[in-house]
A.B. asks: 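One structure follows; several queries about it will come next.
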2 protein chains.
Amino acid sequence: MRAAVLRAGEIVVRDDVPEPVPAAGEVLVQVRACGVCGSDLHFARHGASMVALGEEMEGAGAIGTGAGVDLGRDVFMGHEFSAEVLEAGPGTAAPAPGTIVTSIPTLLTPTGIREIVYSNDVACGYGERMVLSVPLLVTVPDGLDPGHAALTEPMAVGIHAVNRGGIEPGEGALVLGCGPVGLAVVAALRARGIDTIVASDYSPARRQLALAMGAHEAVDPAREPAFDAWRGTAGEEQVVVFEVVGVPGVIDSIFRAAPRGARIVVVGVCMERDTVTPLFASAKELSLRYVFGYDLNEFAASLDAIAQGTIDVAPLITGRVDLDGVPGAFDALSHPDRHGKILVTP
Amino acid sequence: MRAAVLRAGEIVVRDDVPEPVPAAGEVLVQVRACGVCGSDLHFARHGASMVALGEEMEGAGAIGTGAGVDLGRDVFMGHEFSAEVLEAGPGTAAPAPGTIVTSIPTLLTPTGIREIVYSNDVACGYGERMVLSVPLLVTVPDGLDPGHAALTEPMAVGIHAVNRGGIEPGEGALVLGCGPVGLAVVAALRARGIDTIVASDYSPARRQLALAMGAHEAVDPAREPAFDAWRGTAGEEQVVVFEVVGVPGVIDSIFRAAPRGARIVVVGVCMERDTVTPLFASAKELSLRYVFGYDLNEFAASLDAIAQGTIDVAPLITGRVDLDGVPGAFDALSHPDRHGKILVTP
């Protein structure tokens, strides 16, 4: 079958990938859509350090995405997918062929859990077909665009961040960074009914997307510091800050600018070491909650919100490509100003 | 009157300090005891950087202890005190002369709040007499050693850390660092009825003090990593980590060693920049809560706990000196292994 794979730092489209074969408990599916995630771009560029970090995380008892991947071999990628059921594995009760499903990007195997994120062996979403574990399948409601259903995964990240952030009615949110994850946070906040959502990003296109996804105000930090804009809009309302940039220096700038008692939900995953001035955090009694991923309930809630229209992902989708367009999509997404989410429809 | 002051980085005892005069709303008191705080040692050594940091904090809307202090002039210090009422200011209703009181180290003046911590003008606890604001006085119960009452302030820091840390029944505590503040945290945890309190410090004397203040186990991290000791003692019990070291590198080591989902209460105030590897915190969904100081209710609760014996401060007091002994006390406390708390009894 055909699939786009990472080979020596480049995305190449292969015609000779062996057909995946569903084992017991699995189902073979035809990929209908797969979103391109920023972490895939990062992995394509910095794979060696991400594999090393993944292994270090795993050694420390944490989730170690990328651990064990051999960059000397082709790497399958694509973890934001929807797909159509083709055929169940031996002796396996599965949704009927033709059913549109999605799943968290995890495969349950007799030898343990394997991620459908970066893998030398497990086919992922940037390909024609893949296998999924039946117990993890979530059925996409009839009539929902499979492209929208593919965004269940990134929207679940936003829902999880808002859930774990513990934002309460009467509190407002300042979202720093309006990449796809930041936009997912904005959408989840709006779905939660938060009254004041101020989003901040240097990119005009992303600010437009933030407004489309539910932000009440989108500010350009080059023109006005985000916390000043927050105070201008929200006054004395208690702020919950969502950090969705994930690069060194952002937390320190928040420590300096945040009001006393602010809660900071760290959604952005910073892959490098970072330096802060902790005295600001102490003197202001700030708190930080690092969040990561989502759970099965949040994943299902995300699909439900998309299906119900509580979260409208349509504005987020700024491009659709076929498998041959994957290399170009990776190039296009390296210019953050141009795109929200590009869907691969194999 | 006599007072020990900081002059050009040295503690000197003066005989010629002008007598404090209580204004309206104030009371003149005779200091009965004043604890030497580690932050005073730090200020004596690194005053210039602490003043600069205090001013930077104040500029950022936070508490800026030390802001405005002129190190070219003598600096009064001493903020953990108990005292005997001598005389009320003009037209002021105050506790009767002879009453033993304590107060948060703050003076309410017509021109604003002034700290009784580091000051060129406001007499503090390392002196014979000082003035206090009547609305902030807390009366020490009859029969309580004024030396014990002087520890209301540092014990309130521990109570505040435990309150803000939000530790729940069924959770256990790992206290990293057993200086006076760490010991206050241990005492507050024990008073709260926490079942598993593991304390960690390199110093054998401090480990002994931790056990005396209520820790169930005190570990030497040079022999066994603190989190290993925690797991050996508490098994799968949810851990709340109290960071009471406050030097660069500690948070990063916690990020690496903490179990998934751990909550970290940052009590130690790190005065330098600090570098962390945020990916560990993300992948494990850690949270950090920076805590600082205490409120008026916690201050009163601290005195109450000391008076009731819920918190027994006796083991903590390892030395008592008069004003002439203050320079020597500062020297002695620079060797952290030898002392818990030294009281100055002018």
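Sequence lines set the chain letters: A, B, ... in the order given, protein chains first and strands last, and positions in each chain run from 1.
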A.B. asks: Flag the one option from B:Ala283, B:Ala62, B:Gly246 with the top tally of heavy-atom pairs under 4.5 Å to chain A.
C.D. replies: B:Ala283

A.B. asks: Quick check for you: among B:Arg263, B:Glu272, B:Arg260, which has the greatest number of heavy-atom pairs under 4.5 Å with chain A?
C.D. replies: B:Arg260

A.B. asks: Does a side-chain heavy-atom distance below 4.5 Å link A:Leu279 with B:Val269?
C.D. replies: yes

A.B. asks: Looking at B:Arg273, B:Met271, B:Glu56, B:Lys284, which has the largest count of heavy-atom pairs under 4.5 Å with chain A?
C.D. replies: B:Arg273

A.B. asks: Using non-hydrogen atoms and a 4.5 Å limit, figure out which bit of B:Arg164 sits close to chain A: side chain, backbone, both or neither.
C.D. replies: side chain

A.B. asks: Taking the side chain as every heavy atom from C-beta outward, state whether B:Ser287 and A:Tyr290 have any atom pair closer than 4.5 Å.
C.D. replies: no

A.B. asks: Identify the heavy atoms of B:Ser282 and A:Gly268 that sit nearest to each other, and give their distance.
C.D. replies: OG-O, 4.2 Å

A.B. asks: Taking the side chain as C-beta and beyond, is there a heavy-atom pair between B:Glu285 and A:Arg289 under 4.5 Å?
C.D. replies: no

